[in-house]
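Each remark here refers to the structure printed beneath this line.
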Amino acid sequence: MNYNFRAIEAKWRNYWAQKSTFKADNDSAKEKYYVLAMFPYPSGAGLHVGHPLGYIASDIYARYKRLKGFNVLQPMGYDSFGLPAEQYAIQTGQHPSVTTEANIARYRDQFDQLGFSYDWSREVRTSDPKYYKWTQWIFIQLFNSWYNKDKDRAEEIEELIRIFEEEGNSNINAACDEDVPVFSATEWNELNSKKQEEILLKYRLTYLADTEVNWCPELGTVLANDEVINGVSERGGYPVVRKKMTQWNMRITAYAQRLLDDLKEIDWPQSLKDAQTNWIGRSVGASVTFNTKPSGNSKTSYPIEVFTTRPDTIFGVSFMTLAPEHELVSKITTDAQKEEVETYIHSTSQRSERDRLADVKTITGAFTGAYVEHPFTKESIPIWIGDYVLAGYGTGAVMSVPSGDQRDYDFAKHFKIPIPNIFEGIDISKEAFADKELTIIANSEFLNGLNYKDATKRVISELEKIGQGIGKVNYRLRDAVFSRQRYWGEPFPVYYVDGMPRMIQEAFLPLKLPEVDKYLPTDTGEPPLGNATKWAWDSEHSKVVDNNLIDHVKVFPLELNTMPGWAGSSQYFNRYMDPENDKAIFSQEAIKYWQQVDLYIGGVEHATGHLLYSRFWQKFMFDKGLVPHKEYARKLINQGMILGTSAFVYREEGTNRLLSRGLIKGINVTPLHADVSLVNSSDELNIEAFKEWRPEFKEAEFILENGKYLVGREVEKMSKSKYNVVNPDAICEEYGADSLRMYEMFLGPLEQSKPWNTAGISGVYAFLKKLWRLYHSGPEGEFKVSEEPASKAALKSLHKTIKKVEEDIESFSFNTSVATFMICVNELLSQKCTSRSILEPLAIIISPYAPHIAEELWEKLGHTQSISTAIFPIFEADHLVESSKEYPVSFNGKMRFTIELPLDMGKEEIESAVMSHEKTKAQLQGRIPKKVIVVPGKIVNIVG
RNA sequence: GCUCGAGUGGUGGAAUUGGUAGACACGUUGGACUUAAAAUCCAAUGGCCAUUAUGGCCGUGCGGGUUCAAGUCCCGCCUCGAGUACCA
């Protein structure tokens, strides 16, 4: 009777499915525990061995918590809106839903194969209208809300309207657009409804605005900042340009401070918190207004507002710098400088974002001919423009203090602008001085002699007195653009009356995606939904009707953009709690029971995307009183990425010769990816198979070394295009899911990225076979356990293992518990232990890791109830562990011998026991030790 | 540049947080079983020296320091990786 993992795994996969073993109730006497792994985008390639890492880890934890008696919720679903399905649709004409459906089926098979204990009755799909109904619903709630900074929470827009009607907006402290005019109640009430609507839009948490966006012509869509990497799109690597478009935006900046503050109360990896902190980019300083001096043709004085983190250096200002795109540039430039400025603006706009980033060293700029007046000294300060000032950050203008900022310093040196020194005892002839801690201000009137902190405080109060500045906190975080010119995404529940957006009433949701005959933008450049013929809103009958009925009286145009990828993933974790609910996003009973995610596992690549947006929506939901927690995930673990090991062949340039890797030195070669399945474990290429795979090399000459063609190796991300993908199906076929699960955990620490290497899997496979043998000790290898009580040694092995495995799981060190199992099984085998009292608990503690084999053994032990549904408080067995311990005893730091002593001895008892021991006396030879160091449970050290 | 993280055998990685460095596994070598292969089992495996055994010295990127004791703590470097970047 051998370990037949195929039969065993098929049997239990079936059993769990039929009995709905992992269905979680929304009500239970047991304590709840919610384990969640980030749901995947179902791509056409299926899962590779890298994907399951996090899923295995969360499954082990979920199974462990069930054993401990928790009511565990572990759901799974699909983030099924997205670009690849749409791009496939563009190429083939096949509806994205068809592709998506097929991919999901494939994923489901693979999930089942790996034995994950998901509650599939709660599956969600973001592209399912029953699901995206609630994504649309949240959008409407955001539209109907504004952010009250005084109360630090989102409130109903009706409340804001009431205040406007009663007292205007002068007393309102809201997170809103910069350009909101101040108005009284009377003025408000006299506005027509369109004007009122325009103003309200500037307050809403989701709003329409002409935004400068990252436009990717190749993809035909707008990208969020986190989807653009080094000036090219994250997906596909296409160039991205800046472009103004009317877009939906999310006012995430309203929550910037809370997103920062609440990081303190969640147990997330520090590196991830750091990434979010940097991304939000809080900087404390002051907003200062400099007024331009009327000159030449410009009679008016314009205020220029700047943000600075160093208001204490205000007396060191020797010029102002505006971004070339700054709106005042054209107004203040003098005739004499006009040509130079326009030439400069033209040349910067020609430079792409990428060039600008790549070329930081070259200093460029132009003088506008205009001046501002220093708020204190009243001196004239020249205004320059320069592209080192970014239009998108702060106000797009800076007060330049060359002595205190290196970029200002370089700019001043380059254009021969004076560099006044305002620091006590500092030499600034070589570079700027930017150390806040060591700053003592000089040559600065009332700030002389003050340090950074005091000077900042003083100058802000002086600025406030003269009305030219105020203390301010600035964030790098921008509002998130929420429109995509795409088909395969959530439609906005929005139609337009007189150009202003209206929300479709909740009762008529979901607004389903219309059919289109092509998935590309329309001929007039509108998003793909512009191709739909039935895409207009009949407001009288509240339904979608044909476009040609649009009369702007009763039938109105619908929004043509769709929502971005992160919309559907920003509340899915709560929807799992009550996924079938048709009346609400989730019932209050459900959320009161499940509260929040206790453990969230996913990739670190979502740090500034999904993991930030979802926190924002959760806080909004909290403000609305819909969820009990400000944060949705109490603890988060980032699993590392499993990388592929690519193989390369080397073609000599200009020839059809392929050189083995040892022969390429000094020769010009092009490395080409070879499929890893054509290479054996000692890097030798199967040349015939390679020729078969790549017919263009049929005639190629292979230059061998020692009779072999060796490939080069490199660790890269696993991807189809690099031919380095290892598929879990093949591994499961050869070794079984339990082997794969254990091996992925054994590979190394969960949070670390590491290359996949199939070679070592034979070790865990051999272990599972040994485990099987432990329970099959009959003469023919048939199942046999003894009812004899266990030996002391066997008990010790078992209890050591239980203790270690529990510690490991609680600290997510799954790799070392696999090692512990191996030691335990080896010990039991060598002790020929067949005692039921050992083998029963062993099956239990192994079941989170290798659930199929554990179930099978459990059944053979005579249990009728599944190991996965019973509760075993076995993990609380540490009192059984050891009764004595061997203490290594060292003399003068060198280990000499060991002494066996009872465990419950205290420090002094151990000391005296050791000192009176024969071996110690022999070792000391009558010498009197200076010191005896005792670490209970560990070591005794005698210093002579 | 800034922020974070990591450097341990041929390889992946352990080390109870200051207490026998290299667990466990892969690989390699030798052996048993077998007609043979696979599978399985046993032994060796950081380096150097010694050997009949007992043993000795060195060793966790580099250089210092604290300590009876340092992979672990402190100071100064080096290298690699990740994120971010003209953020005022």
Side-chain angles (χ1 to χ4, degrees), chain A residues 2 229-230 269-279 281-283 285 306-311 313 321 323 356-357 359-363 386-390 392-401 404-408 410-411 434 474-477 604-605 607-608 640-641 681-682 742-743 746-749 751-764 766-767 769-770 773 803-804 807-808 811 813 815-823 826 829-830 886-898 929-935 937-944:
Chain A
N2 286 325
I229 292 166
N230 291 331
Q270 192 55 43
S271 59
L272 199 150
K273 290 185 181 182
D274 290 344
Q276 292 207 347
T277 305
N278 287 339
W279 190 259
R282 179 180 201 264
S283 41
V306 302
F307 174 75
T308 175
T309 54
R310 295 299 302 274
T313 63
T321 316
R356 262 173 85 161
L357 286 177
D359 181 21
V360 192
K361 299 243 152 44
T362 318
I363 295 160
D387 69 359
Y388 80 97
V389 177
L390 304 175
Y393 182 76
T395 59
V398 301
M399 59 175 226
S400 301
V401 183
D405 181 286
Q406 194 57 42
R407 287 155 307 164
D408 295 345
D410 295 340
F411 194 88
N474 206 44
Y475 298 94
R476 198 188 77 116
L477 184 71
V604 71
E605 65 273 19
T608 53
M641 207 189 305
S681 57
S682 32
M742 287 201 114
Y743 184 54
F746 187 58
L747 223 40
E751 306 193 56
Q752 188 176 305
S753 288
K754 54 233 156 189
W756 174 261
N757 169 16
T758 310
I761 198 170
S762 60
V764 287
F767 159 75
K769 284 194 280 193
K770 280 187 197 173
R773 213 178 320 130
K803 192 172 175 206
K804 176 82 173 117
E807 282 166 9
D808 284 346
S811 62
S813 315
N815 52 335
T816 48
S817 40
V818 178
T820 309
F821 287 135
M822 288 178 174
I823 296 167
N826 277 336
L829 275 176
S830 70
E886 285 201 343
Y887 286 79
V889 179
S890 70
F891 178 54
N892 276 354
K894 289 177 186 177
M895 220 278 287
R896 298 289 164 150
F897 52 91
T898 58
K930 268 197 229 156
K931 221 196 243 181
V932 179
I933 295 129
V934 174
V935 183
K938 286 177 186 169
I939 197 165
V940 180
N941 210 326
I942 302 166
V943 185

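Numbers restart at 1 for each chain; the letters A, B, ... are given by sequence-line order, proteins then strands.
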Dot-bracket summary - RNA chain B, pairs being Watson-Crick or G-U whose distances fall under 3.5 Å, with | when paired to another strand: (((((((..(((......[....)))((((((.......))))))((((.....))))..(((((..]....))))))))))))....
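- OP1 or OP2 of B:C87 lies within a sub-4.0 Å distance of a side-chain N or O belonging to A:Arg407.
- Minimum atom distance to the side chain of A:Pro749 is reached by B:G13, of the listed B:U84, B:G13, B:U40.
- Using bins of under 30°, 30° to 60° and over 60° for the plane-to-plane angle, the ring pair A:Tyr393/A:Phe307 lands in the perpendicular bin.
- Distance from the side chain of A:Asp387 is smallest for B:C86 among the nucleotides B:A23, B:C86, B:C4.
- Considering only the side chain of A:Phe746, B:G12 comes nearest among B:A23, B:G12, B:U40.
- OP1 or OP2 of B:A25 lies within a sub-4.0 Å distance of a side-chain N or O belonging to A:Asn826.
- The residue A:Glu807 sits apart from the nucleic acid: no heavy atom pair falls under 4.0 Å.
- When distances run from any side-chain atom of A:Trp279 to the nucleotides B:C86, B:U40, B:U84, the shortest one goes to B:U84.
- A:Arg476 has a side-chain polar atom (N or O) that falls below the 4.0 Å cut-off from OP1 or OP2 of B:A85.
- In this structure, of B:A23, B:C86, B:C41, it is B:C41 that holds the atom nearest to the side chain of A:Lys770.
- Counting only heavy atoms from C-beta on, A:Thr816 has its side chain closest to B:A14 among B:A25, B:A88, B:A14.
- Among the atoms of the strands shown, only primed sugar atoms or phosphate atoms (P, OP1, OP2) are found under 4.0 Å from some heavy atom of A:Asp274.
- At a threshold of 4.0 angstrom between heavy atoms, the contacts of A:Lys273 with the nucleic acid are absent.
- When the side-chain nitrogen and oxygen atoms of A:Gln406 are compared with OP1 and OP2 of B:A88, none of them lie within a distance under 4.0 Å.
- The side chain of A:Asn278 approaches B:U3 more closely than any other nucleotide in the set B:A23, B:C4, B:U3.
- If you check every strand for non-hydrogen atoms under 4.0 Å, A:Lys804 touches nothing.
- Among the heavy atoms of the strands, none lies under 4.0 Å from A:Thr321.
- The shortest distance between the side-chain N/O atoms of A:Tyr393 and the OP1/OP2 oxygens of B:C86 is not below 4.0 Å.
- Between the A:Asp408 side chain and the A:Val401 main chain, a donor and an acceptor come within less than 3.5 Å of each other.
- Rounded to a whole Å, the CG atom of A:Asp405 is 14 Å from the P atom of B:C86.
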- prompt: Run the side-chain contact (heavy atoms from CB on, under 4.5 Å) check on A:Tyr743 and A:Trp756 step by step: do they pass?
  reply: CA-CA 10 Å; A:Tyr743 184 54; A:Trp756 174 261; 3.6 Å; yes
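- Using a 4.0 Å heavy-atom criterion, one finds that A:Arg282 contacts no nucleic acid atom at all.
- The side chain of A:Asn815 has B:A14 as its nearest neighbour among B:C86, B:C4, B:A14.
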